[in-house]
Amino acid sequence: MRWYGHDIQLMESSCAFLALLLVGVCHQVECALLLLLVEKVLQSMSAFPQSEALQVWGCKVISHVTTSDLLSDTTMATRCVQMVITALGRHKGTPAVQTWGAYALYQIICCCALNASIVTMGHRDLILELCQRRAPGLTEEANSYLSSLQTVLEV
């Protein structure tokens with residue numbers, strides 16, 4: 001699969017397309033292909049951390065793949081969590097990144113059977129800090145995800 005990582009507009013459009021494509025059909029995509037797509041999204045998010053649009057669409061893709069077997073791989077789940085945490089930290093004042101990042105973390109930790117392994121990998125304190133530090137302009141929905149995450153992690 002060819003992925004043109006040097007063109008920011010193409011990367012943003014590709015991630016947007018993937019996020020929209022994966023809505024509702026993620027469970028029907030072969031795991032190996034999904035793994036490759038998510039790997040490319042993570043690489044794109046890492047290559048262009050300043051792009052708010054790319055971070056938003058990347059978080060959307062990550063939130064959609066939580067319904068697949070892909071995140072049963074603790075390494076991939078951890079990489080997704082790390083990338084979302086990085087996006088949230090870099091774009092503290094961007095409600096869209098904060099909302100979709102919060103949703104992606106919520107999906108990974110609360111909706112997958114991975115919360116114990118991720119929490120014990122040193123991400124608990126970082127995620128709790130993100131839950132406690134709310135960005136201005138967050139939607140009620142994002143605040144709800146962060147509150148739910150905080151409740152799960154403080155137990």
Side-chain angles (χ1 to χ4, degrees), residues 1 3-23 26 29 31-135 138-139 141-142 145-146 148-150 152-153:
M1 170 178 271
W3 196 268
Y4 297 94
H6 60 280
D7 186 339
I8 186 72
Q9 286 84 19
L10 185 58
M11 301 308 322
E12 290 171 354
S13 297
S14 298
C15 282
F17 176 75
L18 281 175
L20 296 172
L21 179 69
L22 290 173
V23 174
C26 187
V29 178
C31 193
L33 176 60
L34 201 55
L35 183 64
L36 178 63
L37 292 173
V38 171
E39 180 65 40
K40 296 298 183 182
V41 167
L42 292 176
Q43 288 172 4
S44 299
M45 291 174 76
S46 181
F48 298 102
Q50 74 284 2
S51 169
E52 292 175 5
L54 189 53
Q55 302 307 309
V56 169
W57 288 112
C59 287
K60 287 182 181 185
V61 168
I62 291 169
S63 71
H64 294 316
V65 299
T66 58
T67 58
S68 73
D69 291 335
L70 176 71
L71 293 183
S72 62
D73 174 3
T74 305
T75 303
M76 179 56 79
T78 300
R79 290 184 61 222
C80 287
V81 167
Q82 289 170 335
M83 188 55 64
V84 171
I85 288 171
T86 300
L88 288 169
R90 183 176 294 274
H91 298 279
K92 293 176 185 168
T94 308
V97 175
Q98 296 294 311
T99 299
W100 282 99
Y103 183 62
L105 286 176
Y106 173 82
Q107 287 290 96
I108 293 168
I109 294 171
C110 295
C111 297
C112 294
L114 296 172
N115 53 3
S117 60
I118 289 173
V119 168
T120 58
M121 292 183 155
H123 293 46
R124 180 182 180 278
D125 292 338
L126 279 173
I127 295 170
L128 272 174
E129 180 184 324
L130 289 168
C131 292
Q132 293 162 353
R133 173 190 45 81
R134 306 292 168 95
L138 271 186
T139 63
E141 186 178 25
Y145 294 135
L146 291 174
S148 296
L149 272 173
Q150 190 170 357
V152 166
L153 294 174

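Numbers here simply count residues along the sequence, with the first being 1.
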Do side-chain atoms of [X] reach the backbone of [Y] as a donor and acceptor pair under 3.5 angstrom?
X     : Y     : answer
Gln98 : Leu88 : yes
Gln55 : Gln50 : no
Ser46 : Gln43 : no

Gap between atom OG of Ser44 and atom CE of Met83 - 0.5 Å precision =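 Going from the CE atom of Met83 to the OG atom of Ser44 covers 9.5 Å.
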Taking all atoms of both residues into account, what is the closest heavy-atom pair of [X] and [Y], and its distance?
X     : Y     : value
Arg90 : Pro49 : CD-O, 2.9 Å
Cys59 : Val84 : SG-CG2, 4.2 Å
Ser63 : Lys60 : OG-O, 2.7 Å

Under 4.5 Å between any side-chain heavy atoms of [X] and [Y], yes or no?
X      : Y     : value
Ile62  : Val81 : no
Ile108 : Cys80 : yes
Glu39  : Met76 : yes

Hey, can you tell me if Tyr103 and Trp100 have their rings parallel, tilted or perpendicular (30° and 60° cut-offs)?
-> perpendicular
